[in-house]
Amino acid sequence: MGITIELEVNGQPVKREVEARTLLVHFLREDLNLTGTNVGCETSVCGACTVHVDGKAIKSCTQLAVQCDGAKVTTIEGLASNGELHPMQSAFWEEHGLQCGYCTPGMIMAATHLLDNNPSPTEAQIREGLKGNLCRCTGYQNIIKAVQTAAGAEG
Amino acid sequence: MSPVNSVLGSPIKRREDPALITGKGKYTDDLKVFGMLSAVMVRSPFAHARIKSIDTAAAQAMPGVIAVYTAADAEAAGMPGLVPVGWLLDTLKTPPHPMLASEKVNHVGDAVAVVVAEDRYVARDAADAVLVDYEPLSACTNPKDAISDGQAQIHDEAPSNIAFDWEIGDQAKTAAAFAAAAETVRCDLRNQRLIPHAIEPRAVLADWNEATGEMTIHLTTQNPHVHRLLMCLSSIGLPEHKVRVIAPEVGGGFGSKIHHYADETIIAMCSKLCGRPVKWAATRTETNQTDAHGRDHVTSAELALDQDGKILGLRVSTYANMGAYLSTFAPAVPTYLYGTLLSGQYDIPAIYGHVVGAFTNTSPVDAYRGAGRPEATFLVERLMHLAGEATGLGPVEIRKRNFLTPDQFPFETQVALTYDSGNYGPAMDRALEMLGYEQLLADQEQRRQSPNGKQIGIGFSAYIEACGLAPSAVVGSLGAQAGQWESAELRVHPTGSVTVYTGSSSTGQGHKTSFSQIVADRLQLDVSQVEVIQGDTDLVQFGMGSYGSRSGAVGGSAIARSTDKILDKAKLIAGHLLEAAPEDLDFKDGSFCVRGSADHSVAWGDVALQAYLAHNYPENLEPGLVASAFYDPENFTYPFGTHICVVEIDPETGTTELLRYVAVDDVGNVINPMIVDGQIHGGLAQGIGQALWEGAHYDEDGQLLTSSLLDYAVPKMHNLIDFELDRTVTPCPHNPLGVKGVGEAGAIASPPAVVNAVMDALAPWKIQHLDMPLTSEKVWAAVHSQ
Ligand code: FES
Ligand code: FES
């Protein structure tokens, strides 16, 4: 049986009927066609599915859509505003913080949340803060540079 | 190197990124087609079992389920359903690999049925309702044990589970070298099994058009044309011109998306039988159980030296795990991509390598970043470390004393390769300089004064690789069932902009950027005037794809060649317009001008337009400005370098901390240094991961214990450090760009650098060797057993 949920996704009100067991990541990708959020595992390890729910970075593969009833959800598609890239997006581009790009939406969402809580993190704090997001391509070095660049741009 | 103000050699920002940083990149699982269904595989939970029966009735009856298919249905779909092997060896046994098992399963994850349903949740539920009655058999997982008596027999066609028995080099000459040796060192090692772990799991979207008889397959692939060819030859039962394979964005591959997997044909079968598009995306567990794994060698290696520390000979014996079936290029990996690299950077007068490939009840093993070359480099560099200790020469002098010198190139090794170029000393000297070696040695000595305190270790790896695969005739003579050239086509539009069609197919390497730099440089255009099309068998004439660090050296060279053909034709047109002989023209600042009279010129755009107007045009010249090239390289390319790792070991806990990692690589000319450095970073992370944390584990029943990211340690951000990189530049002498390839260097060089560093730190305990991964537990146990 479907359950009706109402929430805000990327600033837009959304009302949908979902199965109780529908994962948030599948709701976003398949019901709302927001395929920027990716799936890389089923054990909450890779972080490819990271989105913001009520301002916190969470792994949307481990959250049910019904748990987000009434919440504000932001995905990678909602990060740029008025056609302007978010400073974190620009910094990933500038510093070559991505290769295949599959981890990137989740990584950017986790990184923006990190800076919300700590606007000028040290390298060690970035490494610790983003260890919940795996990247197999970059060796992380340029992701760290990107976060530092974004921190500079925002700070 | 190219001048720094040239577009070639500049760190221009990637053209692929705007889509990827905004979530607009479309990977296979992001695609939706009208009427699309979802498929879920039913896979064997046993490593080795006879299938007594498969009962699909309960699953079929579930609401939302469209169909459940087994091997019996492949015939109805007109599909032979055999997964082929693309590289043969003289002694190779090639047992059939059916896409769906019907009599026997041979590894955990072997597919026995597939469920197609309206959505993926329903398909998942129904897959659990398929009842397969198995009779479990004993299993074997270790390649050395698998060939001994009393082991489970996997394929009737391969007695004693031997897939092949292969040798390279000169056994007698090598034995003589050992007989004459003043010193020998030996290392018995396991190069452990790895799981590639592209973060995007494999996925397939197949769409059959009954009316036209065309099958369109979106696929996570590194080489769409090769997938199509292998399918049409052996599994899908459709002619090549009726199958279109498209690689949309692909989320990393590292080898694992080269191979033709059963899943592709299974999903195509589903679409054909259901008459609707069908999509399947692997879970991480499925990925770990069914992606081709890497490495898994059991090896004994010995080095013979004279009294001055000069190498006299190298002898290697390896048992290579092939897994349950031969994956696409699997036979080449532990043979021609491994045995041929045994000479490393050294002048070794006698080498003998013997490799036995064994079937086991495990996932197939095939190319994973480096493919054979990391295994060779690991043993050579471990032996050099041990030789440095045994002779007292130390890690630097033992290597320098045996390096090939620049005047020895081209150099024919004892293991079938001709190194075209090299200059190994300067790369090592630069790395030592960056490291501050003398100071570190002093620090190390000081630490050793407190034997219970944390110890420092310094590890070296002077590697070479053979990449840019490869001269077609050479690989053909070695067993490849395909050529290894690459193709490119350039279409100049009437307004002067250009579309490039390349047979290379990116999984994140930034082809759109690097390839447009090649064309923009030669045609003196802005990179924004060049578009790059890849990964579609209907758009690109043909392509061998991206693996073996070949996209730049082979794919890029094909682009350079076709660009040069365009320039030649454009000169004929410009000569006609300027009433001058084409050979008297220069191409400068985007215009053709008559040499010596610069104001007598015609702009690129006017020439392009005239090629399509053909109003004022040379006689006997066809209109249009399009050129294609198939570039077959003369030789492999030979990147090399020296990597040095510094670690700190805590003997109390066994923990290894990375302190420094210095890498000096020579990948020839560089098209985009930012991209090249990024490739090194990624390769290092994977190689360091192998050295310290990663490893696939099967229990004795053949259960994969590392089937999720909870159990398999892909390096995380806090595990790694900032790498210190530099380059020397020795251009490749035989391709038009002078580039060599960089995708695998980091993964090849780093495992021995890290392991040598740990072993160096443990030198006071006189531990000869520990197998990767060097976990805290392993190091602690070794220290405390002394
Ligand atoms: S998909 Fe891997 S953590 Fe969510
Ligand atoms: S860019 Fe490929 S996984 Fe991070």
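By convention in this document, chain letters (A, B, ...) are assigned in the order of the sequence lines, proteins followed by strands, and residues within each chain are numbered from 1.
- Residues A/Glu42 and B/Arg124 are not paired through a salt bridge, judged by the lack of any N-O separation under 4.0 Å between the basic side chain and the carboxylate.
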Practice problem: Check step by step if side chain to side chain contact (heavy atoms under 4.5 Å, CB included) holds for A/Ile143 and B/His681. | Solution: CA-CA 11 Å; A/Ile143 293 179; B/His681 293 162; over 6 Å; no
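- Without hydrogens or angle criteria, B/Lys32 side chain to A/Glu30 main chain gives a donor-acceptor distance under 3.5 Å.
- For the set B/Asp677, B/Leu684, B/Asn719, B/Ile721, the count of heavy-atom pairs under 4.5 angstrom toward chain A peaks at B/Ile721.
- With rounding to the nearest 0.5 angstrom, the CG atom of B/Leu20 is 10.0 Å from the SG atom of A/Cys103.
- To the nearest 0.5 Å, the span separating NZ on B/Lys716 from SG on A/Cys135 amounts to 14.0 Å.
- By number of non-hydrogen pairs under 4.5 angstrom with chain A, the leading residue of B/Ala685, B/Gly682, B/Gly746 is B/Gly682.
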Quiz item: Should A/Arg29 and B/Asp29 be marked as a side chain to side chain contact (heavy atoms under 4.5 Å, CB included) after you check the CA-CA gap, both sets of side-chain angles, and the distance that decides it?
Solution: CA-CA 10 Å; A/Arg29 289 174 49 81; B/Asp29 196 23; 3.6 Å; yes
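- In this structure, the side chains of A/Met107 and B/Met717 come closer than 4.5 Å at one or more pairs of heavy atoms.
- Proximity of B/Ile21 to A/Met88: side-chain heavy atoms (C-beta onward) are nowhere separated by under 4.5 Å.
- Interface residue B/Val250: only backbone heavy atoms are found under 4.5 Å from chain A.
- Inter-residue side-chain proximity for A/Asn38 and B/Asp30 is flagged as met; some heavy-atom pair is nearer than 4.5 Å.
- With a 4.5 Å cut-off on non-hydrogen atoms, B/Thr507 touches chain A through its backbone but not through its side chain.
- For chain B, the option among A/Thr138, A/Thr104, A/Val39, A/Asn133 with the highest count of heavy-atom pairs below 4.5 Å is A/Thr138.
- With a threshold of 4.5 angstrom between heavy atoms, A/Ile144 approaches chain B through side-chain atoms but not through N, CA, C or O.
- Of all non-hydrogen atoms in A/Cys137 and B/Phe254, the two that sit nearest each other are SG-CZ, 3.7 Å.
- Around the NZ atom of B/Lys13, the shell of radius 6.0 Å holds more than 12 heavy atoms that belong to other residues, nucleotides or ligands.
- Both the backbone and the side chain of A/Leu134 come within less than 4.5 Å of a heavy atom of chain B.
- Listed by chain and number, the residues in a ring pair (Phe, Tyr, Trp, His ring centres under 6.0 Å) with B/His197 are B/Tyr712 (sequence neighbours excluded).
- Taking chain B as the reference chain and counting heavy-atom pairs below 4.5 Å, the highest number among A/Gln89, A/His96, A/His26 is found for A/His96.
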Exercise. Begin with the C-alpha distance, continue with both residues' side-chain angles, and end with the deciding distance and a verdict on side chain to side chain contact (heavy atoms under 4.5 Å, CB included) for B/Arg14 and A/Leu98.
Key: CA-CA 9 Å; B/Arg14 295 206 322 169; A/Leu98 61 148; 4.0 Å; yes
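- When atom types are taken as modelled, the side chain of A/Gln99 and the backbone of B/Gly678 share a donor-acceptor pair closer than 3.5 angstrom.
- Most heavy-atom pairs under 4.5 Å with chain A, from the set B/Ile675, B/Asp119, B/Asn288, B/Leu31: that is B/Ile675.
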Exercise. Evaluate the criterion side chain to side chain contact (heavy atoms under 4.5 Å, CB included) for residue pair A/Thr22 and B/Tyr121; output intermediate values, then yes/no.
Key: CA-CA 9 Å; A/Thr22 303; B/Tyr121 286 41; 4.3 Å; yes
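- Neither the backbone nor the side chain of B/Ile680 comes within contact range of chain A; no heavy atoms are under 4.5 Å apart.
- Around atom NZ of B/Lys24, no more than 12 heavy atoms belonging to other residues, nucleotides or ligands sit under 6.0 Å away.
- Closest of all the heavy-atom pairs between A/Gly139 and B/Phe723 is O-CE1, 4.3 Å.
- Looking at B/Gln509, there are no atoms closer than 4.5 Å to chain A (heavy atoms on both sides), in backbone or side chain.
- Side-chain atoms of A/Tyr102 do not come within 3.5 Å of backbone N or O of B/Ala198 as any donor-acceptor pair.
- Remark: B/Glu16 CD to A/Cys100 SG distance equals 11.5 Å, nearest 0.5 Å.
- A/Arg136 places a side-chain N or O within 3.5 Å of a backbone atom of B/Pro196 that can act as its donor or acceptor partner.
- Most heavy-atom pairs under 4.5 Å with chain B: of the set A/Lys145, A/Gln141, A/Lys131, this distinction falls to A/Gln141.
- Highest contact tally toward chain B, considering only A/Glu128, A/Glu123, A/Arg127, A/Arg21, is held by A/Arg127 [criterion: heavy-atom pairs under 4.5 Å].
- Your options are A/Glu95, A/Glu94, A/Glu77, and the one with the most heavy-atom pairs under 4.5 Å with chain B is A/Glu94.
- The candidate with the highest count of non-hydrogen atom pairs below 4.5 Å against chain A, out of B/Arg120, B/Arg284, B/Lys26, B/Gln679, is B/Arg284.
- Interface remark: A/Thr75 contributes no atoms to any contact with chain B (heavy atom separation under 4.5 Å).
- Contacts between B/Thr285 and chain A at a heavy-atom distance below 4.5 Å involve backbone atoms as well as side-chain atoms.
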